[in-house]
Amino acid sequence: MEVYNTIIRRKQTFQPREPGKIGIYVCGPTTYNYIHLGNARPMVFFDTVRRYFKYKGYEVAYIQNFTDMDDKIISRAREEGIDPLVLAGNYIAEYFKDSDSLNVLRADHHPKVSEHIPDVIAMVDTLVQNGSAYVVDGDVYFEVKKFAGYGKLSGRAVEDMRAGARVDVDGRKRDPVDFALWKSAKPGEPSWDSPWGPGRPGWHIECSAMSLKYLGTNFDIHGGGFDLIFPHHENEIAQSEAATGEPFARYWMHNGFITVNEEKMSKSLGNFFLVRDILAKYPGELVRFFLLSTHYRSPLDFDDEKLSAAGRGLERIKTSMRLLNEALAKPEGKESAETDAEFGAALDSFNDSFEAAMDDDFNTALAISVIFDLAREVNTAVQRLGPVLPPSLRAALLKAKGLFNTFNEVIGIFKAEQNTGEVLLDGVPGNAGGLAEGLLDLIIEVRQEARKKKDWAVADRIRDGIKDLGIILEDTPQGVRWKKQL
RNA sequence: GGCGACAUAGCCAAGUGGUAAGGCAGAGGACUGCAAAUCCUCCACUCCCCGGUUCAAAUCCGGGUGUCGCCUCCA
């Protein structure tokens with residue numbers, strides 16, 4: 001399979017460090033707020049990468065960190081008058097609520113900086129000892145000019161960076177491009193003891209320390225958003241390779257941005273959408289589907305209309321699943337001569353197409369188009385079906401169902417239980433749901449009686465009225481089907 | 001200023017040398033009491049513009065225009 005590697009700027013045949021095993025490290029959020037859609041893209045995308053490798057039979061170690069200690073967390077905690085780690089912990093809990101909604105599986109480890117201070121200190125110490133870093137008044141800086149390969153990921157020359165430095169130079173640094181490994185604590189700031197005095201880790205060092213701890217050197221995939229290429233990942237490479245003397249990561253994968261009105265969505269621009277707020281209006285699977293419907297390296301513009309349009313497409317796939325299950329529920333009947341042989345044959349090609357798409361740098365947009373092709377094929381086969389199901393068609397439908405499930409295992413856009421089309425009413429679990437559904441069944445029954453009497457005025461009034469409440473009724477030869485409006 | 005990415009129909013979006021996937025919207029038809037859902041048909045002589053290479057280019061090369069991003073915390 002081919003994977004685009006940022007460090008060489010082109011696709012490359014993927015070869016894991018060890019056959020059959022893959023280690024992935026993805027940079028997670030700084031937890032001082034709820035996550036926004038821009039954070040969700042790498043979560044969903046790399047989750048899909050991980051799912052696909054598993055599907056391919058690899059043993060995957062998937063690590064995603066939380067930055068639970070940094071300047072923004074400290075200032076936010078100060079505003080709210082609570083302990084920074086408590087604040088960060090709260091948002092980590094909220095993070096998981098959102099990631100669950102997006103069908104993102106838990107990582108094998110979710111390391112936090114605050115719990116890896118000894119690892120960070122050991123690494124910084126190594127860098128100081130071997131001359132890659134220097135200490136100034138309790139701060140420790142990495143000396144960029146000591147690392148010959150600096151700039152290899154982002155394709156920049158150190159000279160250019162000096163020329164373009166926009167920020168006031170910290171006079172204590174030997175060179176403007178040097179960056180902090182350890183920051184001494186100002187009065188009142190949380191801190192840990194270290195050989196250089198009380199302080200806390202710089203931003204970049206945590207990812208180096210934790211990825212190396214869990215995955216070792218030269219691990220397979222390091223991922224994150226495009227904006228992390230420089231300086232974050234560039235610095236990670238420098239400090240990691242300077243510390244270990246070995247290659248850091250083999251493949252660097254970076255997802256493109258979510259934009260709003262063609263502008264980058266970001267916390268600093270203030271034009272971000274919280275996942276939480278989007279989830280209040282749209283199902284998590286739809287958000288996930290939307291995020292995967294564009295190739296991960298392309299920018300993705302977000303607005304309600306685009307999400308809705310994607311929703312109508314997703315609905316088509318779900319409808320197909322529902323029709324498929326309805327057909328499978330029919331009693332078995334006689335083999336009919338005209339059973340569509342092409343159907344079975346067409347099915348065979350879908351799995352190959354799906355894998356080919358995913359093998360080509362995780363082309364989820366193309367992979368999803370294969371799901372649409374499958375849906376059409378299923379719908380066509382089911383369309384002319386009578387009251388009974390011939391055995392050969394049953395076999396083919398079961399095969400199609402297996403394909404849907406396989407694809408879904410990777411893409412993760414619907415939950416298995418939802419395949420039947422049994423959609424729960426909004427926010428009414430348990431008894432209340434039973435009540436709501438009971439009322440719904442009753443009103444449908446009444447409407448059927450009206451239809452029997454050809455009282456179309458009453459029948460239509462019920463259908464229209466119920467639609468305003470968000471329930472769509474569909475009359476079919478087999479009876480009435482209802483579903484929640486998206 | 002330095003570095004980089006992208007430009008495909010009304011919209012979203014695949015496609016990196018062989019003659020334009022898929023989805024949404026739209027038009028017509030089948031089905032339906034009418035709808036909905038579903039199916040069938042149609043919907044880019046053309047891929048930002050201009051040159052070039054080639055038997056052949058949306059795809060490669062050169063130039064131009066436009067948009068976006070990184071260089072500062074950011075996924």
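A, B, ... follow the sequence lines: proteins, then strands. Residue 1 opens every chain. Every value quoted in this text rests on a predicted model; they were computed, and no experiment measured them.
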Separation of the [atom1] atoms in [N] and [M], to the nearest angstrom:
N	M	atom1	result
G23(B)	A44(B)	P	15 Å
C39(B)	C49(B)	C1'	42 Å
U59(B)	U53(B)	P	15 Å
C40(B)	G22(B)	P	11 Å
A25(B)	G64(B)	C1'	34 Å
G10(B)	G62(B)	C1'	34 Å
U46(B)	A75(B)	P	45 Å
C12(B)	G18(B)	P	27 Å

From [options], nucleotide with atom closest to [X] side chain:
X	options	answer
N255(A)	A14(B), U38(B), A75(B)	A75(B)
E474(A)	G22(B), G69(B), A37(B)	A37(B)
R312(A)	G33(B), A25(B), G15(B)	A25(B)
I258(A)	G23(B), A75(B), C34(B)	A75(B)
D460(A)	C70(B), G33(B), A13(B)	G33(B)
T380(A)	C39(B), U38(B), A75(B)	C39(B)
R451(A)	C73(B), G23(B), C34(B)	C34(B)
A365(A)	A13(B), C34(B), G2(B)	A13(B)
D227(A)	A75(B), A14(B), G69(B)	A75(B)
Q383(A)	C70(B), A21(B), U38(B)	U38(B)

R156(A)/E234(A) ion pair, N-O < 4.0 Å: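 Between E234(A) and R156(A) there is no salt bridge, as every charged N stays at least 4.0 Å from the carboxylate O atoms.
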Is D303(A) salt-bridged to K306(A), going by a charged N under 4.0 Å from an acidic O?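 Result for this pair is yes, salt bridge flagged.
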Reckon [X] has a side-chain N or O less than 4.0 Å from the OP1 or OP2 of [N]?
X	N	answer
K483(A)	A36(B)	no
R316(A)	G23(B)	yes
R9(A)	A5(B)	no

Under 4.0 Å, counting only non-hydrogen atoms across every strand here, what does [X] touch: a base, just sugar-phosphate, or nothing?
X	value
G256(A)	base
R447(A)	base
M43(A)	nothing
L473(A)	base
T294(A)	sugar-phosphate
G38(A)	base
R376(A)	sugar-phosphate
K454(A)	nothing
H295(A)	sugar-phosphate

Check whether any side-chain heavy atom of [X] lies under 4.5 Å from a side-chain heavy atom of [Y], and answer yes or no.
X	Y	value
V144(A)	F179(A)	yes
H233(A)	C27(A)	yes
L347(A)	L374(A)	yes

Any strand counts, and the cut-off is 3.5 Å on both contacts for Watson-Crick or G-U wobble. Which nucleotide pairs with [N]?
N	value
C60(B)	G52(B)
G1(B)	C71(B)
A7(B)	U65(B)
G33(B)	none
C45(B)	none
U16(B)	none

Checking only heavy atoms, does the side chain of [X] share a donor-acceptor pair with the base of [N] at less than 3.5 Å?
X	N	result
R41(A)	A75(B)	no
N363(A)	G15(B)	no
R384(A)	C39(B)	no
D70(A)	C73(B)	no

Whole-Å distance separating the [atom1] atom of [X] from the [atom2] atom of [N]:
X	N	atom1	atom2	value
D47(A)	A75(B)	CG	P	18 Å
E377(A)	G22(B)	CD	P	12 Å
N379(A)	C31(B)	CG	P	19 Å
F226(A)	G69(B)	CZ	P	13 Å
D475(A)	C31(B)	CG	C1'	13 Å
L228(A)	G69(B)	CG	P	16 Å
L286(A)	C12(B)	CG	P	17 Å
R10(A)	U59(B)	CZ	P	21 Å

If you count every heavy atom of other residues, nucleotides or ligands that lies below 6.0 Å from N261(A) atom CG, does the total exceed 12?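 Incorrect, the count does not exceed 12.
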Which heavy atom of N103(A) sits nearest a heavy atom of D47(A), and at what distance?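 Scanning both residues completely, I find the closest heavy atoms to be O-OD2, 3.5 Å.
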Strictly distance-based, threshold 3.5 Å: is any side-chain N or O of T364(A) a donor or acceptor partner for the main-chain N or O of L292(A)?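 Here the side-chain-to-backbone pair exists.
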Under 5.5 Å between ring centres and under 30° between planes: does that hold for W456(A) against the base of G33(B)?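 So W456(A) counts as stacking on the base.
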So which one's nearest nucleotide on RNA chain B is more toward 5', T476(A) or D360(A)?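 In this pair, the answer is D360(A).
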5' priority, RNA chain B, between E305(A) and F230(A) [closest heavy atom]: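 This one resolves to E305(A).
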Between R41(A) and F257(A), is NZ or CZ placed under 6.0 angstrom from the six-membered ring centre and within 45° of the ring axis?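 No, a cation-pi geometry is absent between R41(A) and F257(A).
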Would you mind telling me which of D361(A), N255(A), T48(A) makes a side-chain hydrogen bond (donor to acceptor under 3.5 Å, both in side chains) with Y296(A)?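 So, applying the side-chain hydrogen bond (donor to acceptor under 3.5 Å, both in side chains) to Y296(A) and each of D361(A), N255(A), T48(A), only D361(A) qualifies.
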